[in-house]
Amino acid sequence: MSLNFWKPGATGPGSNLDRDSQTEENVLTSAPFYSSSSYSLQSIQAQREHLPIFKHRDKLLYSIEKYGVNIVVGQTGCGKTTQLPQFLREAGWASDGRVIACTQPRRVAATSVAARVATEVGTTLGAEVGYTIRFEDVSSKEETRILYLTDGMLFRETLVDPLLSRYSVIMASSSISLSSCVHQYSNSFKVDEAHERSVYTDLLLGVLKKIRRKRPTLRIIVSSATLDASTFLEYFTSAMSPEEAAVVSLEGRMYPVEVAYLCEPTPDYVGKAAEVAWNINLQQGPGDILVFLTGREDIERCLEELSEFIPLSPPHVTRLAPLALHAGLTTDEQLQVFVPAEIGTRKVIVSTNIAEASVTIEGIKFVIDCGFVKIRIYNPTTALASLATVPISVASATQRAGRAGRTSPGICYRLYPLSLFNSLPSVTPPEITRTDMTTAILQLKSIGIDDLMKFEWLTAPPAESVLRAFEGLFAAAMIDDRGHLSVVGEQVAECPVEVGIARMLFQSKEFQCGEEILTIAAMTTVQDVFIIPDGAPGALAELQRRKFTAEEGDHLTLLNAFNAFSRYGRSSTWCKAHALSFRAMSRAVSIRSQLKKYMQRFKLPLDSCEGDAKRLRRCLVSGYWRNGARWVADGTYRSVRGDKILHVHPTSVLFTRKPRSGWVVFHEMEETKKTQ
DNA sequence: GAGCACTGC
């Protein structure tokens, strides 16, 4: 069996397409994290000096002194995130109580990078070096000089301190770039580069640009992937201030990744992926395989097809150990992919995009890339969100390929022709262009950015999306008819939940059910509470859920599940037995206690409705009245707004039931295969 | 009768 791939040679077309980005350097990978005690300070210093960024130290510091905004471009692992804040501190940017902030798009990234840097600086985590993420503040107002935090956290700080006055330098990472970062669950679970810009990254950069005008001493550093650098440069420079920003480029060492393309497009990338993986096993030397597919369904089918090859295996051929990786798995299941394969066995990890941005697995030598990704799309005209399978960007394809070259040279098999690669968009459209903007606009208003036409967006959200958000805010009485924030709007802007939930919390005073609404608010905020078992239909999960099922619907079912979880000691084994996600439940506990603080601050009573479901339901309606729908005889629903035909989602308890009154309020509306 | 990319406050 031939692979039927075409490999562009050194002189072939496409060989210079993205040569530098198809290879990845690998510098820090041998340094384990939390074992700092085994390292002398001297060897840490030696390691630091070994990083590619070290020889750029003076160049960087000079440029930061000179330019207000620096866009730093460097390969994964060059040490930007860990070293640059230290250089700045050593150069005096953290003197006189000033703080150097470094934002990260992920919680894990913020905590693990902070831990690493604390070790390098020789301080306790939370003293001179600290981190702040939702639910966890390991920093000290007096002592902390280098602070790692999620971009959402720093954006939130602008609500309290609009000029972010305690910071001298703010380094915003639009990508996570550290090659040796240890995850809390395992010492091989690593965080790596993510190209996507979150809504918060965009809002934060917009606010920072504004702050720079009022406070020119503030320095901004944008850590960027190569493909985004010019976007940032153009954003920060203008005819008025051509000297405002500069790009600093850091080259690094890397392992080459050879890229192979299919000669013809394939109609079935799932089957092809299985076939290619099997051929790699027959024809190539040792090294694990990472397959990128779009979702759970694809992954399960691919694993099935792979298992059909296995009995055909010639006796002396390496055994294949197929594994799935997606966010729906439990933590234990996810951790399986990090367990090294036994001798004579090769792992094939079939994964969603989670392995592109959030998770790095060591030992991957072969990557198979289907060329697609599922992204969430929001249609502001219909206010419908949907998941769409779309071609990936060049940046994604590059990132995926790079997964093969972390520890040695590798090969990436793209399941599409080179001609298709050449037609891919360079980056995925930023989240701000494809998401509901209601909360974001409320928060912008709350920090005094009232005229959104004047706000300098890095990428503007679609006009219709802004309009839809205004409409929603007005209907919820968050703004008045002139677009000004109301008193309750001001308070709701502070709450870290969506507007409907916040409204519900505020209304609970009237219906005397704060205690229960608080739980429902927390439970609706976390997703994937009920585990759907692998393979066959969700019959088992449904059966388990019946124990919690409330005739009144999903909100009360969630309430029952949470209360039962609390009653039985919040244990993970109990969760397992009842097909509940322990991760989701624990998160609900944290969110609940955080929201409780907001309720106390706003003097909202925590009354219990004492089992009076009617009061609860009325409170739910007061928050979500715009999401009303009525049952019709054919089993579908009609929305109150727009009279649209709606179907109950299979994950709802009402999927198999008819509402007694004939009316429902729904939490969200999504476009699926069913409605298309 | 039918569905589950991924974060973050």
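Heavy-atom basis, side chains included; hydrogens, waters and symmetry copies ignored. Residue numbering restarts at 1 for every chain, and letters A, B, ... go by the order of the sequence lines. Everything quoted here is computed from the prediction, not taken from an experiment.
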Inset, instruction - Give the rounded distance in Å between these two atoms: CZ of R296(A) and P of dA5(B). - result: 8 Å
Inset, instruction - For Q527(A), report the nucleic acid contact type (base, sugar-phosphate, nothing); a contact means any heavy atom under 4.0 Å. - result: base
Inset, instruction - May I ask you to say what F155(A) touches in the nucleic acid, namely base, sugar-phosphate or nothing, with a heavy-atom cut-off under 4.0 Å? - result: nothing
Legend entry - Distance, rounded to the nearest Å, where I133(A) contributes CD1 and dC9(B) contributes P: 7 Å
Inset, instruction - Please report, rounded to the nearest Å, how far the P atom of dC6(B) is from the CD atom of E356(A). - result: 12 Å
Legend entry - Closest to the T352(A) side chain, choosing from dC6(B), dG3(B), dC9(B): dC6(B)
Legend entry - dA2(B) OP1/OP2 closer than 4.0 Å to side-chain N/O of H649(A): no
Legend entry - Whole-Å distance separating the CZ atom of F530(A) from the P atom of dA2(B): 22 Å
Legend entry - Value in whole Å for how far the C1' atom of dG8(B) lies from CD of E136(A): 14 Å
Inset, instruction - Taking the six-membered ring for Trp and the single ring otherwise, decide whether the centroids of H667(A) and Y624(A) are under 6.0 Å apart. - result: yes
Inset, instruction - To the nearest Å, give me how far apart CD (E431(A)) and C1' (dA5(B)) are. - result: 12 Å
Inset, instruction - Answer with base, sugar-phosphate or nothing: what part of the nucleic acid does T656(A) contact at a heavy-atom distance below 4.0 Å? - result: base
Legend entry - Which nucleotide in dG8(B), dA5(B), dC6(B) has an atom nearest any side-chain atom of T150(A): dG8(B)
Inset, instruction - Taking only the side-chain heavy atoms of L387(A) (C-beta and beyond), determine which of dG3(B), dC6(B), dA5(B) contains the nearest atom. - result: dA5(B)
Inset, instruction - Specify the glycosidic conformation (syn or anti) of dC6(B), with syn defined as within 90° of 0. - result: anti
Inset, instruction - Looking only at side-chain atoms of T651(A), point me to the closest of dG8(B), dC6(B), dG3(B). - result: dG3(B)
Legend entry - L329(A) CG - dC4(B) P separation (whole Å): 16 Å
Inset, instruction - Consider the side chain of R376(A), meaning its heavy atoms from C-beta on, and name the nucleotide among dA5(B), dA2(B), dC4(B) that approaches it most closely. - result: dA5(B)
Inset, instruction - Verify, without hydrogens or angle tests, whether K272(A) (side chain) and C370(A) (backbone) share a donor-acceptor contact under 3.5 angstrom. - result: no
Legend entry - Candidates dT7(B), dA2(B), dC9(B) - which lies nearest the side chain of I354(A): dT7(B)
Inset, instruction - Kindly say if R106(A) contacts the phosphate of dC6(B), meaning a side-chain N or O under 4.0 Å from OP1 or OP2. - result: no
Legend entry - Selection residues 518-527 of chain A - residue pairs positive for side-chain hydrogen bond (donor to acceptor under 3.5 Å, both in side chains), sequence neighbours left out: T519(A)-R592(A)
Legend entry - pi-stack flag for F655(A) and dG1(B), centroid dist under 5.5 Å, interplanar under 30°: yes
Legend entry - Donor-acceptor under 3.5 Å (E670(A) side chain, S386(A) main chain): no
Inset, instruction - Enumerate the residue pairs fulfilling salt bridge (Lys or Arg N to Asp or Glu O under 4.0 Å) with a member in residues 490-505 of chain A, sequence neighbours excluded, ordered by first and then second residue. - result: E494(A)-R601(A)
Legend entry - Residue whose nearest DNA chain B nucleotide is more 5′ - R587(A) or G295(A): G295(A)
